Amino acid sequence: MARLNNKNGFDGENAFSSRLLNDKERVLMRLLFDRSEHPDKEKTIHDLTENMDIDTENMNYMLMLSILGFQTNWQGFPAAAMPRLKGIHRYCQAHNVMGMPWLLAKIHTLQEAGIPVMLLKGLAMRCCYSRNIPRIMYDYDIAVPRGRFGEAMNLLRTDDTVYKNTTDWSDTIVGKCSGDNVELDVHQWIFKEMSDQDDAVWKRAHAVPFYDTEVLVLSPEDMFLHQLATHARNIIIREMAENRMKWLFDCRSIIENYPPDRQKLESYTREYGLDYVVRFMLSLLGNCFGDDPAIPVIRTQTQDREYEAWLKDLWRWSMEMEYLTENKTDWMRYPFRPRNLFHYFRRTYYEYRTEKHWHADKARTKNYPVYLARSHGVKDLRSLREYYNSRMAMREKYR
C-alpha cells in the first residue's frame with residue numbers, strides 16, 4: 001500500500017489527479033468541449049482510436065468517442081470503427097429510455113397525490129443539463145419532499161415493485177418494464193451533507209418538461225455542487241473507476257449549458273459546508289480540462305494548512321479502501337482476523353476525520369464512536385457489536 005512521503009511534502013491534489021484519467025481519456029475529454037478548429041484535430045482523433053480494442057475498451061470511453069464522432073461529423077475517425085461506435089451510441093440512447101413507461105407511471109402516481117417530483121443525477125442530466133446525450137445509467141434517481149417521503153413510498157410500493165434497500169437519505173425499489181428490471185432510488189435528502197435541511201433547495205428548483213408531464217430539477221448552482229459532492233466520494237474510495245469520465249463530463253456539461261452564478265456557488269458552498277470538497281473537485285476538473293476559462297473559480301474559506309492536512313487524511317482513507325478491497329478484508333463479509341479489524345477501523349477513522357469538514361450535520365461527526373455506530377445505521381457501539389454478531393451468525397448459517 002502506498003505511503004505518504006512527509007519528508008518531501010505531499011501534493012494531495014496531484015496525487016488524486018494523476019490516477020483519475022489516463023492520457024488518452026484526458027485528451028478526449030478536452031476535445032469534447034473544444035469548439036475551436038485545430039489543424040491537427042483529425043490526427044489527434046486518429047491517435048485516440050489507433051490500436052483500440054473495441055471489445056475490451058472502457059464503455060464510457062467508447063461512448064464519449066461516439067459523442068465526439070457526431071460532434072465532428074466523424075472526421076478523422078477510422079472507417080472500421082464507425083459502425084461499432086454508432087451502434088454503442090444508439091444502444092445507450094435506447095437503454096436510457098427503456099424503463100421510462102414504468103418510471104412515468106410512478107411519477108404520475110406521485111403527482112396525482114400532489115407530491116412534487118424532482119429528477120436527480122443522471123435523469124436530470126439527460127432531461128435538462130445535457131439534454132438527450134446518451135449515458136451509461138444503472139438506475140433512476142428522483143427526490144420528493146422529506147415531509148411527504150413516507151406517503152410517497154406507500155404509493156410507490158405496489159404489486160409491480162420489489163423493495164431493495166434503505167439508507168438515511170433514500171429508499172430503493174425495483175420494478176419491471178418490458179421484462180427488464182428498472183431500479184428507482186427515491187431520495188428524501190438531496191444533499192447528504194445537509195441531512196434534511198434542504199428546503200431552500202426545493203424553493204430554488206426549476207420546472208422542466210419531461211415527456212407528457214413537468215418535473216423539477218435542481219438550479220444550476222445546486223446541480224453543479226451536487227455533482228461535485230456526489231462524485232468526490234466515489235473518486236476518493238475508488239468506486240466504479242470506469243465511470244470517472246462520465247462524472248467529469250457531467251460537471252463540465254453543466255458549466256457549458258447552464259453556467260452557474262459564481263456568487264451563488266460561493267454562498268451555497270459555505271451553506272452546505274462543502275468548502276473543502278469543492279476546492280478539491282475544482283482542482284481535479286482543472287487538471288482534466290487544463291486552462292479552461294469556463295471552469296468557475298470559487299473562493300472558499302479553507303485555510304491552506306488545514307486543507308493540506310485534510311488532503312492527507314483523504315489519501316489515507318483512499319489507501320485503506322484500496323487495501324481492504326485488494327485483500328478482501330471487509331469485516332462484515334469475511335472471517336474475523338485482528339488485522340482485518342485494524343484496517344477497517346483505520347479506514348473509518350480517516351473517513352471520519354475528513355467528514356468533519358464535509359457535513360453541515362455536525363451531530364453525525366461529533367466523535368469517532370458516534371460516527372462509527374451511525375455509519376452502520378445503529379445507535380451506539382453496543383448496538384454495533386450486536387449488529388456484527390448477527391451478521392456473523394447469518395454468515396455461518398448460509399456458508
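Keep in mind that this is a model prediction, so the values were computed, not measured.
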**Student:** Does the salt bridge (charged side-chain N to carboxylate O under 4.0 Å, His left out) test come out yes or no for Lys203 and Asp199, once each step is laid out?
**Tutor:** CA-CA 7 Å; Lys203 293 176 182 177; Asp199 290 344; over 6 Å; no

**Student:** Quick test of your reading of the model: are Glu308 and Lys312 salt-bridged, counting only N-O distances below 4.0 Å?
**Tutor:** no

**Student:** Would you confirm whether Gln93, through its side chain, and Asn132, through its main-chain N or O, come within 3.5 Å as a donor-acceptor pair?
**Tutor:** yes

**Student:** Is it possible for you to say whether Ile142 and Tyr211 belong to one hydrophobic cluster, with membership spreading through side-chain heavy-atom contacts below 4.5 Å?
**Tutor:** yes

**Student:** Applying side chain to side chain contact (heavy atoms under 4.5 Å, CB included), run through Leu216 and Leu119 and close with a yes or a no.
**Tutor:** CA-CA 6 Å; Leu216 298 172; Leu119 306 187; over 6 Å; no

**Student:** Under 6.0 Å between ring centres, would you say that holds for Phe16 and Trp315?
**Tutor:** yes

**Student:** Tell me, with the steps shown, if Arg157 and Asp171 meet salt bridge (charged side-chain N to carboxylate O under 4.0 Å, His left out).
**Tutor:** CA-CA 11 Å; Arg157 288 175 180 165; Asp171 281 11; 2.9 Å; yes

**Student:** Go through the steps to decide whether Leu156 and Met153 satisfy the test side chain to side chain contact (heavy atoms under 4.5 Å, CB included), and finish with yes or no.
**Tutor:** CA-CA 5 Å; Leu156 293 174; Met153 293 312 302; 4.2 Å; yes

**Student:** Taking the basic N atoms (NZ, or NE/NH1/NH2) and the acidic carboxylate oxygens, is any pair closer than 4.0 Å for Asp47 and Lys43?
**Tutor:** yes

**Student:** Taking Tyr350's backbone N and O only, do any of them form a donor-acceptor pair with Glu320's side chain (distance below 3.5 Å, no angle check)?
**Tutor:**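 It does not hold such a pair.
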
**Student:** Counting distance only, does the side-chain N/O of Asn73 pair as donor-acceptor with the main-chain N or O of Gln75 below 3.5 Å?
**Tutor:**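 Absent.
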
**Student:** Is a side-chain N or O of Trp102 found less than 3.5 angstrom from the main chain of Cys177, in a donor-acceptor match?
**Tutor:**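 Here the side-chain-to-backbone pair does not exist.
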
**Student:** Are Phe224 and Tyr258 close enough that their ring centers fall under 6.0 Å?
**Tutor:** no

**Student:** Go through Asp250 and Arg135 one step at a time and tell me if the salt bridge (charged side-chain N to carboxylate O under 4.0 Å, His left out) criterion holds.
**Tutor:** CA-CA 10 Å; Asp250 286 350; Arg135 56 190 298 108; 2.8 Å; yes

**Student:** Is the backbone N or O of Ser283 less than 3.5 Å from a side-chain atom of Asn287, with the two atoms forming a donor-acceptor pair by type?
**Tutor:** no

**Student:** I'd like to know if the side chain of Glu25 reaches the main chain of Leu20, judged simply by a donor and an acceptor atom lying under 3.5 Å from each other, with no hydrogens or angles considered.
**Tutor:** no

**Student:** Please work out which of the three classes, parallel, tilted or perpendicular, describes the rings of Phe70 and His89, given edges at 30° and 60°.
**Tutor:**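 Correct class here is tilted.
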
**Student:** Less than 3.5 Å apart, any donor N or O on the side chain of Gln263 or Arg299 sitting next to an acceptor on the other?
**Tutor:**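 No pair is found: no donor N or O on one side chain lies under 3.5 Å from an acceptor on the other.
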
**Student:** Would you say the side-chain atoms of Asn96 pair up with the backbone N or O of Pro134, donor to acceptor, closer than 3.5 Å?
**Tutor:**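 Not a single qualifying donor-acceptor pair exists.
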
**Student:** Should Asp222 and Arg204 be marked as a salt bridge (charged side-chain N to carboxylate O under 4.0 Å, His left out) after you check the CA-CA gap, both sets of side-chain angles, and the distance that decides it?
**Tutor:** CA-CA 8 Å; Asp222 284 324; Arg204 294 193 291 261; 3.0 Å; yes

**Student:** Indicate whether any N or O donor in one side chain lies under 3.5 Å from an N or O acceptor in the other, for Gln188 and Ser170.
**Tutor:** no

**Student:** Have Asn14 and Ser17 got a donor and an acceptor in their side chains that come within less than 3.5 Å?
**Tutor:** no

**Student:** Just by modelled atom types, is the Arg131 backbone N or O under 3.5 Å from a matching donor or acceptor in the Arg126 side chain?
**Tutor:** no

**Student:** Is a donor on one side and an acceptor on the other found under 3.5 Å between the side chain of Thr213 and the backbone of Phe210?
**Tutor:** no

**Student:** Would the distance check show the side chain of His46 and the main-chain N or O of Phe77 forming a donor-acceptor pair, the cut-off being under 3.5 Å?
**Tutor:**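 No; zero donor-acceptor contacts below 3.5 Å.
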
**Student:** Following the transitive rule for hydrophobic clusters with a side-chain heavy-atom cut-off under 4.5 Å over Ile, Leu, Val, Met, Phe, Trp and Tyr, establish whether Phe280 and Val297 coincide in one cluster.
**Tutor:**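 No: no chain of side-chain contacts under 4.5 Å links Phe280 to Val297.
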
**Student:** Do the side-chain N and O atoms of Asn243 and Asn60 include a donor-acceptor pair separated by under 3.5 angstrom?
**Tutor:**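 Asn60 and Asn243 do have a side-chain donor-acceptor pair below 3.5 Å.
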
**Student:** May I ask you to decide if the ring planes of Phe249 and Phe33 are parallel, tilted or perpendicular, using 30° and 60° as cut-offs?
**Tutor:** tilted

**Student:** Under 3.5 Å, is there a donor-acceptor pair between the Tyr307 and Glu13 side chains?
**Tutor:**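 Per modelled atom types, Tyr307 and Glu13 side chains form a pair under 3.5 Å.
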
**Student:** Any donor-acceptor pair under 3.5 Å linking the side-chain atoms of Thr158 with those of Lys106?
**Tutor:** yes

